[in-house]
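Here's the structure we're looking at; comments come further down.
Residue numbers start from 1 in every chain, and the chains themselves are labelled A, B, ... in the order their sequence lines are given, proteins ahead of strands. Side chains are part of it too, since the values below use all heavy atoms of this structure and drop only hydrogens, waters and symmetry mates.
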There are 2 protein chains.
Amino acid sequence: MHSAYAGEVSEEIRSRAERKERTRQRLLDVTLRLIADRSLSSLSLREVAREAGIVPTAFYRHYASMDALGVDLVDDSMRPLRQMIRDARRGRTAHGDIIVETVAVLAKQVRDHPDQFRFLTRERYGGVGPVRRAIATELKLFTSELTVDLARLTTGFDWSADDLEMAASLMVGAMLSTVMDLLETDERHPEDVHAILDKAERQLRMIALGMGQWRSKP
Amino acid sequence: MHSAYAGEVSEEIRSRAERKERTRQRLLDVTLRLIADRSLSSLSLREVAREAGIVPTAFYRHYASMDALGVDLVDDSMRPLRQMIRDARRGRTAHGDIIVETVAVLAKQVRDHPDQFRFLTRERYGGVGPVRRAIATELKLFTSELTVDLARLTTGFDWSADDLEMAASLMVGAMLSTVMDLLETDERHPEDVHAILDKAERQLRMIALGMGQWRSKP
DNA sequence: TAAATGAGTGAACAGACGTGCACTCAAATT
DNA sequence: AATTTGAGTGCACGTCTGTTCACTCATTTA
């Protein structure tokens with residue numbers, strides 16, 4: 001619980017700005033941890049402050065409200081998703097099945113950052129206005145990244161921009177469903193996880209088959 | 001606001017059980033209305049009671065907690081979805097495009113029962129445990145209904161049960177995404193609604209194309 | 001007709017909440 | 001070395017919460 005050498009293991013903190021940043025990060029971390037099985041709106045400012053080891057009023061030195069913290073948390077939680085795109089693109093250049101690689105990357109990111117993904121999927125529609133809009137914006141960005149990738153894969157088939165976006169959002173939707181299924185699965189049942197990932201692969205493969213047959217309206 | 005003839009327009013209520021049922025229904029109605037832009041967990045028992053015109057303690061005559069009310073509300077909100085299946089099946093027997101009919105039915109149900117759909121999509125992942133599980137159960141039922149329909153349409157192509165379920169859940173996912181998009185769209189912009197429905201049609205059509213190419217593993 | 005039932009009342013409680021205000025006291029600035 | 005800054009403190013407030021308890025009184029039951 002407490003290491004006698006903790007103070008010597010971690011770097012010394014002298015700067016005031018640095019201390020503030022630490023506290024801010026701590027606020028984000030405990031919030032993410034606390035909403036593992038509840039919604040952000042059911043979380044009180046006092047509870048977050050208490051868990052972060054500061055007095056309620058000190059919270060205001062960092063955020064004007066819990067909503068503001070929530071919006072900030074969206075940025076923070078999007079990092080694993082952005083990393084996912086980079087990893088997936090790297091996997092693409094290597095030999096092997098694109099779909100298998102993509103699902104594998106997805107599974108790894110969800111396994112490594114469950115709280116972030118839980119927050120995003122939970123608050124995507126269930127959250128309060130500002131948070132919901134922030135997530136919608138980021139996911140639209142994510143979808144348009146995928147649209148770019150799809151455009152590269154469909155050169156010569158004259159897909160319309162609208163159809164590319166349609167296909168991309170279908171894929172993103174399937175992937176988000178997969179994420180939520182993964183998060184609701186007890187990780188001590190590896191066969192369940194495998195079934196979910198297998199289903200995700202088949203779904204993406206079926207969409208790919210559909211794309212192969214698709215012809216955009218002129 | 002108040003009609004002088006209100007008492008004469010509606011039926012007289014004498015039975016006690018009937019009065020209780022009215023109050024219960026009123027609790028469900030005001031709850032559905034109040035969470036139009038918030039989550040169920042951010043709603044207080046007192047607020048619901050106040051809006052329903054009863055004293056807080058009278059709430060307990062109907063439900064042991066807000067969670068219990070939430071679970072009951074899932075049943076209530078599922079009615080439009082069940083109606084949707086029936087309507088879609090009826091549309092199927094008539095001449096015309098299955099997909100166009102299905103999307104039209106979906107659009108109509110969402111337009112007629114926005115609060116119910118909002119509740120379901122909001123609390124599906126964002127909600128508290130019991131409500132989330134209740135919704136998951138009902139949606140699984142919905143998906144298996146669709147699986148049955150798909151089985152009928154794919155006779156002779158020896159699809160495995162697993163693959164049928166995979167395709168059905170892909171479709172359900174696309175439809176739920178459509179629902180959420182519809183709910184977030186200002187209904188005073190009919191062209192936005194049209195764009196969303198058009199996208200939904202194309203997505204379902206693309207899945208259908210994929211299914212045409214699909215061969216289940218033996 | 002008399003008794004039992006049960007939906008709804010009203011006061012009271014202990015606890016949690018958000019936020020205002022005056023404060024401390026290192027670190028940063030001058 | 002003297003001054004300013006600002007993250008974090010401690011207290012106080014008014015409000016809202018869930019839940020308890022003893023109650024009323026119309027409807028139902030016996």
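Following rounding to the nearest Å, B:Ile54 (CD1) and C:dA7 (C1') show an atom-to-atom distance of 9 Å. In this structure, B:Glu18 atom CD and D:dA26 atom P are separated by 19 Å, rounded to whole Å. Residue B:Tyr63 contributes atom OH, which lies 13 Å from atom P of C:dA7 at whole-angstrom precision. Taking atom NE2 on B:His62 and atom C1' on D:dT19, their separation rounds to 17 Å, with Å as the unit. As a whole-Å value, the separation of B:Glu47 CD from C:dC17 C1' is 15 Å. As a whole-Å value, the separation of B:Arg50 CZ from C:dG10 P is 15 Å. Summarising the geometry, the separation between CZ on A:Arg19 and C1' on C:dA26 is reported as 9 Å, rounded to the nearest angstrom. Following rounding to the nearest Å, B:Tyr60 (OH) and C:dG8 (C1') show an atom-to-atom distance of 15 Å.
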After noting the C-alpha distance and the side-chain angles of B:Glu165 and B:Lys140, does the key distance pass the salt bridge (charged side-chain N to carboxylate O under 4.0 Å, His left out) rule? CA-CA 10 Å; B:Glu165 199 275 339; B:Lys140 227 169 272 172; over 6 Å; no
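At least one donor-acceptor pair under 3.5 Å links the side chain of B:Ser15 to the backbone N or O of B:Glu18.
Judged purely by distance below 3.5 Å, without hydrogens or angles, the side chains of B:Thr178 and B:Gln203 never pair a donor atom with an acceptor atom.
Listed by residue number, there are no residues of residues 24-46 of chain A with a heavy-atom contact under 4.0 Å to DNA chain D.
Taking every side-chain heavy atom of A:Arg61 into account, D:dA7 is the closest of C:dG10, D:dG10, D:dA7. Listed candidates were D:dT9, D:dG8, D:dT28. Nearest to the side chain of B:Ser15 is D:dT28.
Contact record, B:Ala107 with B:Leu182: CA-CD1, 4.5 Å, taken as the closest heavy-atom pair.
Taking a cutoff of 4.0 Å between a charged side-chain nitrogen and a carboxylate oxygen, B:Arg24 and B:Glu21 qualify as a salt bridge. Classification of A:Arg202 and B:Asp163 as a salt-bridged pair holds, one side-chain N sitting under 4.0 Å from a carboxylate O.
Map B:Thr23 and B:Arg16 each onto its nearest nucleotide of DNA chain C; the residue landing nearer the 5' end is B:Arg16.
Considering only heavy atoms from C-beta on, A:Arg46 stays 4.5 Å or farther from A:Phe59 through its side chain.
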